[in-house]
Amino acid sequence: QATEIAGVQAFPTVLDVPGDVDLAFIVVPARYTMLAIEQCLQKPVRGLVVITAGFSEIDSAGRQRQDELAALVRAAGVRMIGPNCFGVFNTDPTVQMQGTFGSELTPRGNIAVGSQSGALGLVIPEYLRHWNVGASMFASVGNKADVNENDLLRYWRDDSATDVILLYLESFGNTRRFARLARRISRKKPIVAVKSGRTHAGSRAAGSHTAQATAFDNGNPSSSTATAAVPFTIQGTSTSAVFREHFKAYAADVWARWSCKPSDLVVEIGSNDGTLLEEFQKLGARVIGVEPAQNLADIAMKKNVRTVN
């Protein structure tokens, strides 16, 4: 009912907005998402970013809702990022769009960043700012119901403002296609990639918040996910040690500060990155489960587990 929110003019629905709408961000409860998207298509809006969570990452009913959303936008010829994503930003001077829940816009630069993890979507731009490195664009793909890493690669391949591509992935939409694209694109633009889910626990942690990770690879070429490791060994594409070193250093610091023993237990919050959990495992931690954040306090209390924020 409001006509203004925080000084910004507001409308009851997107259909009441005068003029054209290029891009819509959906940030309503999951049960209203279908209605909001239907109205966007009626407007019509040509691009959607669905930040709303509550789809395939939670249960089979959520998976069905997500499939219905994807079918709807595909039938309309509209592209959708998400759902369950951190958003997007574009530092082009003619756009200057901050479409994430981050508080600051990363400086202009030549690195394009794609992340399947919303948590890392917040961390990576912070690291770039800390290192005084700019970015051209950022996209958090979330559950990848429509746009995935292959779409990002194709777009950034032709983007004159992007010279380097940085990816954090928990799964692959089409592994062979990714490999073909990466081989071609990496001849002109370096691709730096981090893949989580390399252990059972890491895979479970990744899957708990995007529902995309499957089996773990554990560095074993004979495993069922060996094909998922292939793209990261081709020329021009590497598994980045940079971010893994930060995870490793943080885990070691926590381990030392809390005087942990190999018998201690670690509870992973589902919204966090599986890579961090893997580093704790390397230090000898046993994992009792990957749980939603709201369950963490109860589990820690019942099992007398120390927690670190």
Side-chain angles (χ1 to χ4, degrees), residues 79-82 85-86 88-91 106 109-118 120-121 123-125 127-128 133-199 202-203 206-207 210 212-247 273-275 278:
R79 300 311 306 266
M80 175 179 71
I81 292 179
C85 74
F86 182 70
V88 300
F89 70 65
N90 186 338
T91 62
T106 300
N110 63 347
I111 301 175
V113 181
S115 174
Q116 195 169 348
S117 164
L120 278 184
V123 171
I124 292 174
Y127 273 132
L128 294 178
V133 176
S136 55
M137 295 183 194
F138 167 84
S140 165
V141 291
N143 292 0
K144 301 196 294 187
D146 180 31
V147 172
N148 61 26
E149 63 279 355
N150 295 333
D151 297 305
L152 296 182
L153 283 178
R154 280 193 295 268
Y155 184 85
W156 289 330
R157 172 192 61 194
D158 302 323
D159 179 35
S160 60
T162 296
D163 296 321
V164 178
I165 299 171
L166 172 62
L167 295 174
Y168 170 82
L169 299 172
E170 294 165 351
S171 67
F172 293 94
N174 185 314
T175 307
R176 289 193 178 93
R177 185 175 298 171
F178 179 91
R180 289 196 301 269
L181 285 169
R183 285 191 182 97
R184 291 200 302 266
I185 296 171
S186 62
R187 294 177 187 135
K188 294 183 177 180
K189 298 183 179 183
I191 301 173
V192 181
V194 176
K195 167 70 168 63
S196 73
R198 299 181 65 83
T199 66
S203 181
T210 60
Q212 292 288 333
T214 53
F216 74 105
D217 60 67
N218 203 26
N220 181 2
S222 64
S223 72
S224 61
T225 56
T227 53
V230 171
F232 294 97
T233 63
I234 62 177
Q235 185 176 4
T237 305
S238 61
T239 300
S240 172
V242 175
F243 290 101
R244 282 193 175 273
E245 283 302 312
H246 282 282
F247 290 126
D273 166 47
T275 308
E278 291 163 5

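What you see is a predicted model; the values in this text were computed from it and never measured.
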Looking at [atom1] of [X] and [atom2] of [Y], how far apart are the two atoms once the value is rounded to the nearest 0.5 Å?
X: Trp156; Y: Met137; atom1: CH2; atom2: CE; value: 8.0 Å
X: Glu149; Y: Thr175; atom1: CD; atom2: OG1; value: 8.0 Å
X: Arg184; Y: Leu153; atom1: CZ; atom2: CG; value: 10.0 Å
X: Asn150; Y: Arg180; atom1: CG; atom2: CZ; value: 9.0 Å

With sequence neighbours excluded, tell me which residues meet side-chain hydrogen bond (donor to acceptor under 3.5 Å, both in side chains) with [X].
X: Asp151; value: Arg79, Arg154
X: Ser136; value: Thr162
X: Thr106; value: Arg129
X: Thr91; value: Arg108

Considering all heavy atoms, the nearest [X]-[Y] contact:
X: Lys144; Y: Ser171; answer: NZ-O, 3.1 Å
X: Gly142; Y: Gln116; answer: O-CG, 3.5 Å
X: Leu152; Y: Gly114; answer: CD1-CA, 4.0 Å
X: Ser186; Y: Ala182; answer: OG-O, 2.6 Å
X: Arg157; Y: Leu181; answer: NH1-CD2, 4.3 Å

Close side-chain approach of [X] and [Y], heavy atoms under 4.5 Å:
X: Val141; Y: Asn148; value: no
X: Phe138; Y: Ile124; value: no
X: Phe178; Y: Leu167; value: yes
X: Val192; Y: Ile111; value: no

The side-chain contact (heavy atoms from CB on, under 4.5 Å) partners of Asn110 (sequence neighbours excluded) come to Asp163
